[in-house]
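First the structure, in the form of structure tokens, and then the observations on it.
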Amino acid sequence: MSQAGVILVVEDEPVLRFILVEELQDAGYEVFAAVDAAQAIDILESNFDIQLLLTDIDLFAEGEGVELARMVRDRWPPIRIILTSGNWTLQQSELTFAERFIPKPHGPGVLLQTIRECMF
């Protein structure tokens, strides 16, 4: 397990997924990546060190990331969850199944600061 922590990134856009993974690895995190909820569940079932899920709300289906977040909250309650989207806006009071929401695009440092706040 990485000293900084272990994160699962779920993003269906290949370029965004690559950028997120690079940013998080550069910050010292061990990162797993998935393109959709099904792949994310497969990764979670075989990697017990994952501490945080970062998922887009709209994957291949609208709202798929929300359903994934709810499933993760039910099956793996200790995992911290951050939702992100360029199409949705959520208030903190709406996030009964996630720790935070970050709108896209996010400014420099916002993602890493939010992850640090959620993990510790």
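Both backbone and side-chain heavy atoms feed into the values below; hydrogens, waters and symmetry mates do not.
- Residues Ala27 and Ala4 approach most closely at O-CB, 4.2 Å, considering heavy atoms.
- Counting only distance, with no hydrogens or angles, the side chain of Glu30 and the backbone of Val6 share no donor-acceptor pair below 3.5 Å.
- Counting only heavy atoms from C-beta outward, the side chains of Phe32 and Gln39 never approach each other to under 4.5 Å.
- Put simply, the side chain of Thr84 gets close to the backbone of Ile102: a donor and an acceptor are under 3.5 Å apart.
- Side chain of Arg80 to main chain of Ala98: no donor-acceptor pair is present (N/O by atom type, distance under 3.5 Å, no hydrogens or angles).
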Query raised in the report: When you look at Trp76 and Leu53, which way does the side chain to side chain contact (heavy atoms under 4.5 Å, CB included) test go after all the steps?
Result: CA-CA 11 Å; Trp76 296 279; Leu53 169 70; over 6 Å; no
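- Clustering ILVMFWY residues whenever any of their side-chain heavy atoms sit less than 4.5 angstrom apart, transitively, puts Val21 in a cluster other than the one holding Leu16.
- When each of Ile50, Asn47, Leu52 is paired with Leu8, the side-chain contact (heavy atoms from CB on, under 4.5 Å) condition holds for Ile50 and for no other.
- For Glu99 (side chain) and Ile81 (main-chain N/O), a donor-acceptor pair under 3.5 Å exists by modelled atom type.
- One finds no salt bridge joining Glu22 and Arg17 here, because no Lys/Arg side-chain nitrogen approaches an Asp/Glu carboxylate oxygen to under 4.0 Å.
- Remark: the backbone N or O of Glu13 is paired with a side-chain donor or acceptor of Glu11 at under 3.5 angstrom.
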Using atom types as modelled, flag every donor-acceptor pair under 3.5 Å from a side chain in residues 111-120 to any protein atom, sequence neighbours excluded.
from   : atom 1 : to     : atom 2 : distance (Å)
Gln113 : NE2    : Glu117 : OE2    : 2.9
Thr114 : OG1    : Val110 : O      : 2.8
Glu117 : OE1    : Arg100 : NH1    : 2.6
Glu117 : OE1    : Arg100 : NH2    : 3.1

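- When every heavy atom of Ala40 is checked against every heavy atom of Ala34, the shortest pair comes out as N-CB, 3.6 Å.
- Tested against Thr55, the residues Val72, Ile82, Val10 include a single side-chain contact (heavy atoms from CB on, under 4.5 Å) partner, Val10.
- The structure places CD1 of Ile41 at 5.5 Å from CG of Leu68, a figure rounded to the nearest 0.5 Å.
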Query raised in the report: Run the side chain to side chain contact (heavy atoms under 4.5 Å, CB included) check on Val31 and Leu20 step by step: do they pass?
Result: CA-CA 9 Å; Val31 183; Leu20 287 169; over 6 Å; no
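- Using a cut-off of 4.0 Å between Lys/Arg side-chain N and Asp/Glu carboxylate O, Lys104 and Asp56 are scored as salt-bridged.
- Every residue two or more places apart in sequence or in another chain that forms a side-chain hydrogen bond (donor to acceptor under 3.5 Å, both in side chains) with Glu67 is listed here: Arg70.
- Side-chain N or O atoms of Glu64 include one that pairs as donor or acceptor with a backbone N or O of Ala37 at under 3.5 Å.
- Minimum heavy-atom separation, Ala69 to Phe97: CB-CD1, 3.7 Å.
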